[in-house]
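The structure appears below as structure tokens.
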Amino acid sequence: MPRDFTDWERSCAWLRGLTEHERERVMDDLQVQDVAPGDMVCRRGARARHWVGVLDGLVKIASVSISGKSLTYTGVAPGGWFGEGTLLKHEHWRYDVIVLRKGRIGLLPAETFFWLLDRSLEFNRIIVNQLNERLGQFIGQLQIDRLSSADERVAHTVAAMFHPVLYPGVDRRLRISQEELGYLCGLSRQRVNRALRHLGGLGLLQLRYGGIEVPDLDALRQYESSAEITEQKVAG
DNA sequence: TCATTAAATTGTT
DNA sequence: AACAATTTAATGA
């Protein structure tokens, strides 16, 4: 495994806040796995042994409801890390994590995770910050699920993937196909295509081959909330 | 480096 | 779900 810090800067932005010594241990302990679409990174019910990061590719966090329907909570883009909440509570995974796009997964052993937590104030800040952002993301997800059109769902899903704190590896362009986006928001590829073109026409995003660019994240987020308020007025 | 081919993605029906 | 058009990636001279 390469010791070169710059190699990991994109996919492990949180390394930046650590000391040289801490970084060395992380890179020694970190396990890297090549994954292909359909692979399960985490299974619901299994014990959480690692803090998990998407180094490259794309995964979705989902669970299967009692009725058998698959509910996707969110997609995780390169640079995104998850599982800290589950690790902290010494719980089992409450969701499945499925690979959508071929890539690489980083597994940081729980032991190393807690070692960092015990000694690094900066790591604690990073984790608290991430938990906080994640909470906000899930609350937003609840509102979207309840009342929203397909266009809003797509806008929300795209905006969520551009989250600078949760997915620092995503800069200006997000690598995701329209089919993959469909899996994430529970819509057909055709409907996603329609929604994306609509949003593109409004100037909220730009379509690229195999990806999306968002020039103004706030504007895209505003689209969700403004559409929501409109519906509430109609309902009231 | 360039041309050809295969694969992936998009836009439409 | 199927189709053609387009873009990218891979291959080899």
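Order of the sequence lines sets the chain letters (A, B, ...), proteins ahead of strands, with each chain counted from 1. Below, all heavy atoms of this structure are taken into account, side chains as well, without hydrogens, waters or symmetry copies.
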>> Between A:R191 and A:D151, does any side-chain N to carboxylate O distance fall below 4.0 Å?
In response: yes
> Only one of A:I105, A:L107, A:L55, A:D56 clears side-chain contact (heavy atoms from CB on, under 4.5 Å) with A:V32; which?
Replying inline: A:L55
>> I'd like to check the ring pair (Phe, Tyr, Trp, His ring centres under 6.0 Å) partners of A:Y167; sequence neighbours left out, ordered by chain and number.
In response: none
> Tell me, which pairs form a ring pair (Phe, Tyr, Trp, His ring centres under 6.0 Å) where one or both residues lie in residues 170-189 of chain A, sequence neighbours left out?
Replying inline: none
Show me, pair by pair, the donor-acceptor contacts under 3.5 angstrom made by side chains of residues 202-213 of chain A, not counting sequence neighbours?
{"residue": "A:Q206", "atom": "OE1", "partner": "A:R208", "partner atom": "NH2", "Å": "3.3"}
{"residue": "A:R208", "atom": "NE", "partner": "A:E213", "partner atom": "OE2", "Å": "3.3"}

>> Please check this pair: side chain of A:R104 against backbone of A:D34, looking for a donor-acceptor N/O pair closer than 3.5 Å.
In response: no
>> According to ring pair (Phe, Tyr, Trp, His ring centres under 6.0 Å), who are the partners of A:Y95, at least two apart in sequence or on a separate chain?
In response: A:W93
> Under the salt bridge (Lys or Arg N to Asp or Glu O under 4.0 Å) test, which residues partner A:R94, sequence neighbours left out?
Replying inline: A:E91
> Across the strands shown, which category fits A:R189 at heavy-atom distances under 4.0 angstrom: base, sugar-phosphate, nothing?
Replying inline: base
> Which angle, to the nearest 10 degrees, lies between the helix axes at the two ends of the helix from B:dT1-C:dA13 to B:dT13-C:dA1, each defined by five pairs?
Replying inline: 10°
Sequence neighbours excluded and cut-off under 3.5 Å, please list the side-chain donor-acceptor pairs for residues 112-119 of chain A, or say none.
{"residue": "A:T112", "atom": "OG1", "partner": "A:D29", "partner atom": "OD2", "Å": "2.8"}
{"residue": "A:R119", "atom": "NH1", "partner": "A:E22", "partner atom": "OE2", "Å": "2.8"}

>> Side chains of A:R44 and A:H92, heavy atoms from C-beta outward: is any pair under 4.5 Å?
In response: no
> Where does the chain A footprint on DNA chain B start and end, counting 5' to 3' with a 4.0 Å heavy-atom cut-off?
Replying inline: B:dA8 to B:dT13
> Do any pairs count as a salt bridge (Lys or Arg N to Asp or Glu O under 4.0 Å) and have a residue in residues 124-140 of chain A, sequence neighbours left out, and if so which ones?
Replying inline: A:E122-A:R125
> Considering only heavy atoms, which members of residues 175-183 of chain A lie under 4.0 Å from some atom of DNA chain B?
Replying inline: A:S177, A:Q178
> Quick one: ring pair (Phe, Tyr, Trp, His ring centres under 6.0 Å) partners of A:F138, sequence neighbours excluded?
Replying inline: A:Y73
Protein N or O to nucleotides 4-7 of chain C N or O, pairs below 3.5 Å:
{"residue": "C:dT7", "atom": "O2", "partner": "A:Y209", "partner atom": "OH", "Å": "3.0"}

